[in-house]
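Note that the structure is predicted; figures quoted are calculated from it, not measured. Quick note on labels: first sequence line is chain A, next is B, and so on, each numbered from 1.
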Number of protein chains: 2
Amino acid sequence: MTGHPELTRNQSLVLKALDKAEGPLSAYTILDLLRDDGFRAPLQVYRALEKLQEFGLVHRLESINAFVACADPHCHRHSMIAFAICENCGRVDEFSDETVEARLGEWVAANRFKPAKTTIEIRGNCAACAAQAQ
Amino acid sequence: MTGHPELTRNQSLVLKALDKAEGPLSAYTILDLLRDDGFRAPLQVYRALEKLQEFGLVHRLESINAFVACADPHCHRHSMIAFAICENCGRVDEFSDETVEARLGEWVAANRFKPAKTTIEIRGNCAACAAQAQ
DNA sequence: CAATTGCATGTTATGTCATAACATTTAGAG
DNA sequence: CTCTAAATGTTATGACATAACATGCAATTG
């Protein structure tokens, strides 16, 4: 139904770690979390992350070099997903917007650009942290 | 007129290197280009880049860890700038879109998010490279 | 079964990007 | 001149990511 194959042991472990975290994690943080499960080297994490991104189960946040579990099982319907990242508490909100997709799609079409991956990330403070900062 | 002070020697050298390159450069590539001008350490480059970004003369491309000279002297009028990055030839096109800004602004307002920096980057192949790939 | 194939994994080493910490120099303001 | 703030120089280290090669393991197929 979801369109992705069974996960391997390493992929499952990495995904579980991200789900449990409820926030972005760096690859090396994931590695440390999985030491007890036999993980020894960064590549074990990066290879699992690569597959999980292919399956659409994990997103990479380019601007902070971190990874999050996908919050929306239907996000692969969209050509692009936007993230709002709180630099204070680490909270990440994932959303998509048809209009933004359409406008960027227009630019791409007008310039005959062949997009492979689109990144939209807003960094700042979430409502809770912004209120607290007063 | 432009609203930024005179550049220091290091800042000028880094900006000149980026202007000359006509494409994104990594900090370490800039360092190598400026060895003959007395540059010895990465921090000299990163510090100059930091200031140049403040002045709006340089942009950082988050998704490829590289820097480009700003193509539009008026880009600071916009709250966000989008980049189309060719993964084949390295060409970078810089553009902005009021509608995209407005839509993301709506999300931000609705969620009481306080944005600090917004990243929009489309990676793929430019028209020339996409045509050649046929 | 044995052989082949493809993918996932394990491991070591290395490459790439970025900043901490501290000393020194430079340019203005008073 | 003296004080101050900013910029610079330098060494060391931290953080993120991948190359290269060996091994294991399951599915197919002859």
Answer yes when B/Lys16 and B/Asp19 have at least one side-chain N-carboxylate O distance shorter than 4.0 Å, and no when they do not.
no
Short side-chain N/O contact to C/dT9 OP1/OP2 from A/Thr8, under 4.0 Å:
yes
Exam field: side chain A/Asp97 to backbone A/Thr99, donor-acceptor pair closer than 3.5 Å
yes
Starting at CD1 of A/Ile30 and ending at P of D/dC16, how long is that distance when rounded to a whole Å?
11 Å
To the nearest angstrom, how far is A/Leu34 atom CG from C/dG10 atom C1'?
15 Å
Taking CG from B/Asp37 and C1' from D/dT8, how many angstroms apart are they, rounded to a whole number?
15 Å
Report each atom pair, protein N/O against N/O of nucleotides 15-22 of chain C, whose distance is under 3.5 angstrom.
residue, atom, partner, partner atom, Å
C/dA18, OP1, B/Arg60, NH1, 2.6
C/dA18, OP1, B/Arg60, NH2, 2.4
C/dA18, OP2, B/Tyr46, OH, 3.0
C/dA18, O5', B/Tyr46, OH, 3.3
C/dA18, N7, B/Tyr28, OH, 2.7
C/dA18, N6, B/Tyr28, OH, 3.1

Over how many whole Å does the gap from A/Glu54 atom CD to C/dA8 atom C1' extend?
13 Å
Is A/Lys51 paired with A/Glu54 through a side-chain N to carboxylate O contact shorter than 4.0 Å?
yes
Between P on C/dG10 and CZ on A/Phe39, what's the gap in Å once rounded to a whole number?
7 Å
Rounding to an integer number of Å, can you tell me how far A/Leu7 CG sits from C/dT9 C1'?
16 Å
Does C/dT9 have its OP1 or OP2 closer than 4.0 Å to a side-chain nitrogen or oxygen of A/Gln44?
no
Electrostatic pair B/Arg103:B/Glu106 at N-O distance under 4.0 angstrom
yes
Please state how far atom CD in A/Gln11 lies from atom P in C/dG10, giving the value in whole angstrom units.
12 Å
When every non-hydrogen atom of A/Val68 is compared with those of A/Gly23, the smallest separation belongs to CG1-C, 3.9 Å
Run the ring pair (Phe, Tyr, Trp, His ring centres under 6.0 Å) test against B/Tyr46 and tell me which residues pass, sequence neighbours left out.
none
Separation of atom CZ in A/Arg9 from atom P in D/dA26, rounded to whole Å
14 Å
